[in-house]
Amino acid sequence: MTAGICALLLDGHPSWNVDSVRSALFETASYADSPSDSMGYGWPDALAAFHYSPSPYDTIRGPKFLTPYPNPFIPLEHSSITIPFQLDQLYTVEIRVYSITGRLIKEEYRGLLLPGRYTGERAFVWDGTDEDNEDVSSGLYYCLLITHGGKNAVTKIAVVR
C-alpha cells in the first residue's frame, strides 16, 4: 500500500525526489509527532502527504484547511492541536473554533496573509481552551477559516478528555 502511495505522490509531484516523498510521508503520518519503536511513524495519510506541498495537479482552489494533528486531540497526551491551512492568494484571515451547538469557543485574527502553506509554527494552534481559558469538554468542534473577500473553509476537530 505504501509503495502505491509513493507512486501516486511521484505522479502528482514530478519534481519530487526520494527525500521529498519520505519527508511528506513521515511528517503527515498518524504518529508523526511521536514515532515509536513499535509503530514507527504510524499509518501513512496519502491525502495529507499529497498536500504536503503545492502540486501542479492541485484542483481545489481557494483557501483550505490541511489535515489537523493530532486529531482526535487528547489534552492529557497533547498540549495542543495544530490546524494547518493553505491560501492561494492574498487574504485577510480570521480563524474561529465553534462547538457543535454553534457557540464561539476561540477566535484569532491573523490579518493580511500572503499565499502559501501555513504549517508548523505558522499554523493555527489551539490548546483546547475557550476565550476565558477554561478547558472545553469532550466533543466535536468546528474550525472555520474566514477569508475576507474569498471563500471560507471548515474542518472538524475531536476533543477527548
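All figures in this text were calculated on a predicted structure; none of them were measured in a lab.
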Using modelled atom types only, decide if a donor and an acceptor are shared between the side chain of [X] and the backbone of [Y] within a distance under 3.5 Å.
{"X": "Thr147", "Y": "Lys151", "result": "yes"}
{"X": "Glu94", "Y": "Glu107", "result": "no"}
{"X": "Asp88", "Y": "Lys64", "result": "no"}
{"X": "Thr92", "Y": "His148", "result": "no"}
{"X": "Asn17", "Y": "Asp19", "result": "yes"}
{"X": "Thr119", "Y": "Pro84", "result": "no"}

Just wondering, do [Y] and [X] contact through their side chains at under 4.5 Å, heavy atoms?
{"X": "Val125", "Y": "Asp127", "result": "no"}
{"X": "Leu114", "Y": "Leu90", "result": "yes"}
{"X": "Tyr91", "Y": "Leu113", "result": "no"}
{"X": "Thr28", "Y": "Thr67", "result": "no"}

| Salt bridge between Lys106 and Glu108, side-chain N to carboxylate O under 4.0 Å? | no

| task | Could you pull out the closest heavy-atom pair between Val136 and Ile105, with the gap in Å? | result | CG1-CG2, 3.6 Å

| Can you name the nearest heavy-atom pair linking Phe65 to Cys143, along with the distance? | CE1-O, 3.3 Å

| said: Under 6.0 Å between ring centres: does that hold for Tyr98 and Tyr142? | reply: no

